Amino acid sequence: QVQLVESGGGLVQAGGSLRLSCAASKRTFGSYDMGWFRQAPGKEREFVAAITWSNRGTDYADSVKGRFTISRDTAENTPLQMNSLKPEDTAVYYCAARYGSRGDITKSELYNYWGQGTQVTVSA
């Protein structure tokens with residue numbers, strides 16, 4: 001098992017930046033695909049970004065391409081750098097992990113472990 005803790009959320013003006021962190025209780029590099037998802041009020045949870053267990057591949061939702069970057073800065077941390085934020089990016093952001101690579105990396109139902117979420121609010 002792996003426990004995940006997100007941090008770094010907050011209130012920012014449109015056009016600003018935030019860096020979310022996802023700290024895992026164990027090493028994820030080499031074993032776990034990592035993903036970021038978000039859920040806005042009244043909406044379903046949606047895929048934001050993901051990185052494969054080997055760091056050889058990343059994937060992004062069309063709505064965040066060119067603005068958000070997922071990476072691993074340590075074997076246990078998977079940050080999400082968010083630039084040029086828009087009000088429509090307002091949501092609770094969740095970090096997720098799945099062991100290995102099986103199926104579509106954008107599908108939330110294929111992830112086994114989830115953090116508690118961190119709120120991101122972008123004002124106009």
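Please read all numbers here as calculations on a predicted model, not as lab measurements. No hydrogens, no waters, no symmetry mates; every other heavy atom, side chains included, goes into these values.
- Proximity of a side-chain donor or acceptor of N112 to a complementary backbone N or O of R98 within less than 3.5 Å is not detected.
- With S31 contributing its side chain and T28 its backbone, the two residues share no donor-acceptor pair below 3.5 Å.
- By the rule that hydrophobic residues join a cluster once side-chain heavy atoms approach within less than 4.5 Å of another member, Y60 and L110 end up as members of separate clusters.
- Residues T78 and I51 come closest through the heavy atom pair CG2-CG2, 4.1 Å.
- Annotation for Q1 and Q3: closest pair OE1-NE2, 3.7 Å, computed over non-hydrogen atoms.
- Note on V122 and M82: same hydrophobic cluster, where clusters join Ile, Leu, Val, Met, Phe, Trp and Tyr whose side-chain heavy atoms are under 4.5 Å apart, directly or indirectly.
- For the residue pair T74/R27, the side-chain donor-acceptor check at 3.5 Å is not satisfied.
- In this structure, L4 and Q116 approach most closely via the heavy-atom pair O-OE1, 3.7 Å.
- Summarising the geometry of A91 relative to A40, their closest heavy-atom pair is CB-N, 3.8 Å, with the distance given to 0.1 Å.
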Would you be so kind as to tabulate the donor-acceptor pairs closer than 3.5 Å made by side chains of residues 7-24, with sequence neighbours excluded?
unit_1 : atom_1 : unit_2 : atom_2 : d
S17    : OG     : N83    : OD1    : 2.9
R19    : NH1    : Q81    : OE1    : 3.4

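- L85 is connected to I70 through a chain of hydrophobic side-chain contacts under 4.5 Å among Ile, Leu, Val, Met, Phe, Trp and Tyr, so both are in one cluster.
- Annotation: cation-pi pair R45/Y94 present, NZ/CZ under 6.0 Å from the ring centroid and within 45° of its normal.
- Panel note: side chain E6, backbone T118; no donor-acceptor pair is recorded below 3.5 Å.
- Side-chain atoms of L80 and V48, non-hydrogen and from C-beta on, do get closer than 4.5 Å to each other.
- M34 approaches C95 most closely through the heavy-atom pair CE-SG, 3.7 Å.
- The ring-ring contact (aromatic ring centres under 6.0 Å, His included) analysis of residues 7-38, with sequence neighbours excluded, yields the pairs Y32-Y99, F37-F47, F37-Y111, F37-W114.
- Among pairs with a residue in residues 81-97, those fulfilling salt bridge (charged side-chain N to carboxylate O under 4.0 Å, His left out) read R38-D89, R67-D89, at least two apart in sequence or across chains.
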